[in-house]
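Any value given below was found using the heavy atoms of this structure, including those in side chains, with hydrogens, waters and symmetry copies removed. None of these values were measured; they are calculated from a predicted model.
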Amino acid sequence: MGERTELIIGTYQNMGQKALRVLEFDPMNPSFHELAADTQIDAPSFAIGTGGHIFAVSEKEDGMVVSYRYDRENKRLVQLGRQKTKGGLPCYLHFDKRHRTLYAANYGTGSVAVFPVDAAFRIGACMQLLAHEGSSVVGERQECAHAHSIEEIPFAPDYKIVQDLGSDALWLYRVQEDGKLEFCEKIAVPAGHGPRHIAFGKKKKRIYVACELANVVDVYRWDEKNCGMERIQTVSTLPDSYKGENTVADIHVWGDDGLLLVSNRGHDSIAVFQILEDGLLALRSIACAGGKNPRNFLPLPQGYVLIAAQDSNRIRVARLSESGGLELLLAEYPVDFPVCVKTFA
């Protein structure tokens, strides 16, 4: 089933606790082993790895981004430095290797902070802050802008797209030579959808937006000629019979544009869709996530899905089939408030 995989685990633990960890996952005998941890960061709720380095947010009102070197030989995380995000509750990071630039989405203040990163992976001071404006119909969640994630469009790499839950919009930016962003377009989503995270179908140039508040995935076609987007489908992530509370969280494409997975918090499940030849979605299954509040998850190439069940204080393991079935396994890893599972890119 393949080689062992190094994982980065982010949590809502605080200073003095093992808030940020590096684990090893063994797919031959599904199990976890702790390799390293850092206790000198508050609420690293989102982290990403590149090579032997890690970037993590500190999701506090006075937000920070922190960089690390992962010392594999001595099994330790070495902090290289930190910078303020000039905003509140940073919850997502994207690193552009080509421009050596780090982008942070500040959920609390609805802004995107842009940082230079040097050759040693030290983060420079914020060089640009892009403040979003707008609100929408879900008053207690959309009273103002709430930037929730930022990613590069893989089939249009000169563009970044920001999912803003509060303003009910996808904000499209063009990347400049120095890594700064130039505003292009604010693309409105249906009122009350609340865009959160995003995934991409590279073959048909489709963009899949996980909408937290409406519990749907919006599918967009990328207009290569005009560098824009057109919504072509909306699908629910819940069974028709379910009437309880729920918010959509994470979204990923697995395989060669074969399946799309989305997590439900409340129903506490993973919805699995087949990606059809035209890039549209067809529901294949909705399976139990194995814990409460599956905020984040990671599908691995071998077919395992690692699910961070935030309110059950554990990471669960499931196995995915090519037909879209999802089977929970007994393997799990206990950790308080897990909210991020990533690999080193």
Side-chain angles (χ1 to χ4, degrees), residues 46 48 50 55 57 63 65 83 85-87 90-107 109-119 121 123-136 144-190 193-211 218-232 251 253 279 345:
F46 195 86
I48 54 176
T50 177
F55 299 109
V57 303
V65 287
Q83 294 288 347
T85 64
K86 295 188 175 182
C91 64
Y92 202 96
L93 294 171
H94 165 64
F95 179 55
D96 185 326
K97 295 180 182 179
R98 183 165 52 122
H99 296 94
R100 296 206 63 82
T101 305
L102 182 70
Y103 303 90
N106 288 314
Y107 177 84
T109 47
S111 60
V112 176
V114 184
F115 305 87
V117 177
D118 69 16
F121 286 85
I123 307 170
C126 178
M127 63 179 178
Q128 185 183 28
L129 186 69
L130 299 153
H132 290 180
E133 295 180 350
S135 60
S136 196
C144 63
H146 291 299
H148 217 310
S149 62
I150 177 170
E151 285 289 352
E152 178 176 285
I153 300 176
F155 35 80
D158 290 334
Y159 291 87
K160 310 290 185 188
I161 185 168
V162 180
Q163 290 57 247
D164 194 303
L165 182 148
S167 65
D168 258 341
L170 310 173
W171 296 65
L172 190 64
Y173 293 94
R174 183 181 292 107
V175 187
Q176 306 302 293
E177 285 300 317
D178 59 1
K180 292 181 180 179
L181 300 178
E182 177 187 13
F183 173 74
C184 293
E185 186 179 4
K186 179 182 177 183
I187 301 162
V189 305
H193 273 210
R196 176 185 173 96
H197 283 186
I198 197 166
F200 302 94
K202 298 178 183 179
K203 287 183 177 179
K204 297 296 181 180
K205 298 183 179 178
R206 298 294 186 247
I207 299 171
Y208 304 106
V209 182
C211 295
D218 286 335
V219 182
Y220 288 83
R221 178 182 64 85
W222 176 251
D223 182 348
E224 189 169 10
K225 180 178 179 181
N226 298 307
C227 294
M229 295 163 57
E230 176 190 4
R231 185 168 61 95
I232 56 176
I251 184 169
V253 169

message: Using side-chain hydrogen bond (donor to acceptor under 3.5 Å, both in side chains), reason through Asp96 and Thr101 one step at a time and then give a plain yes or no.
response: CA-CA 5 Å; Asp96 185 326; Thr101 305; 5.9 Å; no
Do [X] and [Y] come within less than 4.5 Å of each other through their side chains, counting heavy atoms only?
X      : Y      : value
Val253 : Phe200 : no
Pro195 : Asp218 : no
Leu170 : Gln163 : yes
Met229 : Arg221 : no
Tyr92  : Tyr107 : no
Gln128 : Phe115 : no
Trp171 : Val112 : no
Val209 : Tyr220 : yes

Quick check for you: to the nearest 0.5 Å, what is the distance between [X] atom [atom1] and [Y] atom [atom2]?
X      : Y      : atom1 : atom2 : answer
Lys86  : Cys126 : NZ    : SG    : 5.0 Å
Lys160 : Ser149 : NZ    : OG    : 13.0 Å
Phe95  : Arg100 : CZ    : CZ    : 4.5 Å
Arg98  : Asp158 : CZ    : CG    : 5.0 Å
His197 : Ile251 : NE2   : CD1   : 10.0 Å
Asn106 : His148 : CG    : NE2   : 12.0 Å

- request: Verify, without hydrogens or angle tests, whether Ser136 (side chain) and Gly166 (backbone) share a donor-acceptor contact under 3.5 angstrom.
  value: no
Minimum heavy-atom separation for [X] and [Y], please, with both atom names.
X      : Y      : result
Gly87  : Thr109 : CA-OG1, 3.3 Å
Gly134 : Lys186 : CA-NZ, 4.3 Å
Asp168 : His193 : OD1-N, 3.4 Å
Phe155 : Lys202 : CD2-CA, 4.1 Å
Ser111 : Ala131 : CB-CA, 4.0 Å
Glu152 : Pro157 : OE1-O, 3.5 Å

query: Any chance CD of Glu133 has more than 12 other-residue heavy atoms, nucleotides or ligands included, within less than 6.0 Å?
result: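 No - once you tally the heavy atoms of other residues, nucleotides and ligands closer than 6.0 Å, there are 12 at most.
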Within 6.0 angstrom of Glu182 CD, more than 12 heavy atoms from elsewhere: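 Buried by this count: over 12 neighbours within 6.0 Å.
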- request: Could you tell me how the ring of His94 sits relative to the ring of Tyr103: parallel (under 30°), tilted (30 to 60°) or perpendicular (over 60°)?
  value: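 Answer is parallel, since the angle falls under 30°.
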- prompt: side chain to side chain contact (heavy atoms under 4.5 Å, CB included) between Ile123 and Leu102: does it pass, once the steps are laid out?
  reply: CA-CA 8 Å; Ile123 307 170; Leu102 182 70; 3.9 Å; yes
field: Residue from Ile150, Ile153, Val162, Ile161 passing side-chain contact (heavy atoms from CB on, under 4.5 Å) with Ile198
entry: Ile161
